[in-house]
Protein chains: 2
Amino acid sequence: MMELTRKGDYAIRGIIYLASQPPNKISLLSEIATAVDVPQTFLAKIFQQFSKTGIVKSFRGTGGGFLLAGPPEDITLLQVVEAVEGPILPNRCVLKPGECERDLTCTVHPVWRQVQQQVRGLLGNITLKELTTK
Amino acid sequence: MMELTRKGDYAIRGIIYLASQPPNKISLLSEIATAVDVPQTFLAKIFQQFSKTGIVKSFRGTGGGFLLAGPPEDITLLQVVEAVEGPILPNRCVLKPGECERDLTCTVHPVWRQVQQQVRGLLGNITLKELTTK
DNA sequence: TGGCAAAAGACTTGTCAAGTCCTGTTACCT
DNA sequence: AGGTAACAGGACTTGACAAGTCTTTTGCCA
């Protein structure tokens, strides 16, 4: 359980590639896809989500491509993962207080919240910089 | 992401019900299913897995049913979850060293291992006793 | 040995991951 | 302006797996 989807995996590979390029060097989608070995059309979807959430900047037309929106040390693994996988929720009842009808009786609730916080904390502390400087 | 399946959710509900029964009181599957509001046939599958992994004892025939295999303070949430959901693996490459062909180059690897350990540690520290003594 | 209850396996249904494909939109270049 | 280079977005396909259901078998007890 708790598995990252392939999309999440691809997303991480792709953005690490971007982060390891020279600053301000625009990368083509085709180039990234080949480099990290992911179907280009699928990677396109992923980078569209990156673009929407603002961790990547995109440019169209000739000379276009993708660029990291900020310095690698400002982008965390948490941002990357949540951009494509959605929020980290060990159990759907964690989010909204009213969701779980057995809310008050549910003794497991606080445990899931703890798990969520731990994982978010961990991923939030890892930046792209640390993932590139091998 | 990282969501527990409904099966896992049901499993927890079911075993907490068992744990909150008087010691040595055998519970019928039908009784548990009604109490925790889960389809009986589905809960049956779950308890079969419990039985196989040994956290629950089962008895057939008249007067049969289910019993916690040990005291509630000896059974952890981790055991319960892994019994029905399989091992906690944030990424498939975490387990076997050879699985990931980009093994050596993969800088994310240690992060997933950390996540795995944190979550397992958390869940492993919660026992059924703590979940019943509200 | 009859009936009660769990075990086991085959089957169904629906959802979602993992792509593909096609068309649109924007930007540059001549 | 027209053509081409690239990303954006939507619709669609396929396969796997979650979530059950149904039926038969096995074991136990009275």
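Heavy atoms only: backbone and side chains are in, while hydrogens, waters and symmetry mates are out. All values derive from a computational prediction rather than experimental measurement. The chains referred to below are lettered A, B, ... by the order of the sequence lines, with proteins before strands, and numbering in each begins at 1.
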Can you identify which nucleotide, out of [options], has its nearest atom closest to the [X] side chain?
| X | options | result |
| --- | --- | --- |
| A/Ser51 | D/dG20, D/dA8, D/dA19 | D/dA8 |
| A/Phe66 | D/dC7, C/dC21, C/dA17 | D/dC7 |
| B/Leu29 | C/dC28, C/dG19, C/dA6 | C/dA6 |
| B/Arg60 | D/dG9, D/dT26, C/dG19 | D/dT26 |
| A/Leu28 | D/dC7, D/dA8, C/dA8 | D/dC7 |

Quickly work out the [X] [atom1] to [N] [atom2] distance and round it to whole Å.
| X | N | atom1 | atom2 | result |
| --- | --- | --- | --- | --- |
| B/Met1 | C/dA18 | CE | P | 11 Å |
| B/Asp9 | D/dA19 | CG | P | 10 Å |
| A/Leu4 | C/dA17 | CG | C1' | 12 Å |
| A/Phe42 | C/dC21 | CZ | P | 15 Å |
| A/Arg6 | C/dC16 | CZ | C1' | 14 Å |
| B/Lys7 | D/dG20 | NZ | P | 11 Å |
| B/Gln49 | D/dA19 | CD | C1' | 13 Å |
| B/Lys57 | C/dA5 | NZ | P | 20 Å |

Any base atoms under 4.0 Å from [X], or only sugar-phosphate, or nothing? Heavy atoms, all strands.
| X | answer |
| --- | --- |
| B/Ser30 | nothing |
| B/Ser58 | sugar-phosphate |
| B/Lys52 | sugar-phosphate |
| B/Phe47 | nothing |
| B/Phe50 | nothing |

5' precedence on DNA chain C between B/Lys45 and A/Gly61 (nearest-nucleotide basis):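 Closest to the 5' end, via its nearest nucleotide, is B/Lys45.
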
Select from A/Pro39 and A/Gly63 the residue whose nearest nucleotide in DNA chain C is closer to the 5' end of that strand.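 Going by which nucleotide is closer to the 5' end, it is A/Pro39.
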
Can you confirm whether [X] sits close enough to [Y] that some side-chain heavy atom of one is under 4.5 Å from a side-chain heavy atom of the other?
| X | Y | result |
| --- | --- | --- |
| A/Val80 | A/Ile75 | yes |
| A/Leu123 | B/Trp112 | yes |
| B/Met1 | A/Thr5 | no |
| B/Val38 | B/Tyr17 | no |

Are [X] and [N] close enough that a side-chain N or O sits under 4.0 Å from OP1 or OP2?
| X | N | value |
| --- | --- | --- |
| B/Thr62 | D/dA30 | no |
| A/Tyr10 | C/dA18 | no |
| B/Thr5 | D/dA19 | yes |

If the test is side chain to side chain contact (heavy atoms under 4.5 Å, CB included), which one of A/Phe50, A/Phe66, A/Tyr10 qualifies with A/Ile15? A/Phe50

Only residue of A/Arg6, A/Lys7, A/Arg13 satisfying salt bridge (Lys or Arg N to Asp or Glu O under 4.0 Å) with A/Asp9 is A/Arg13

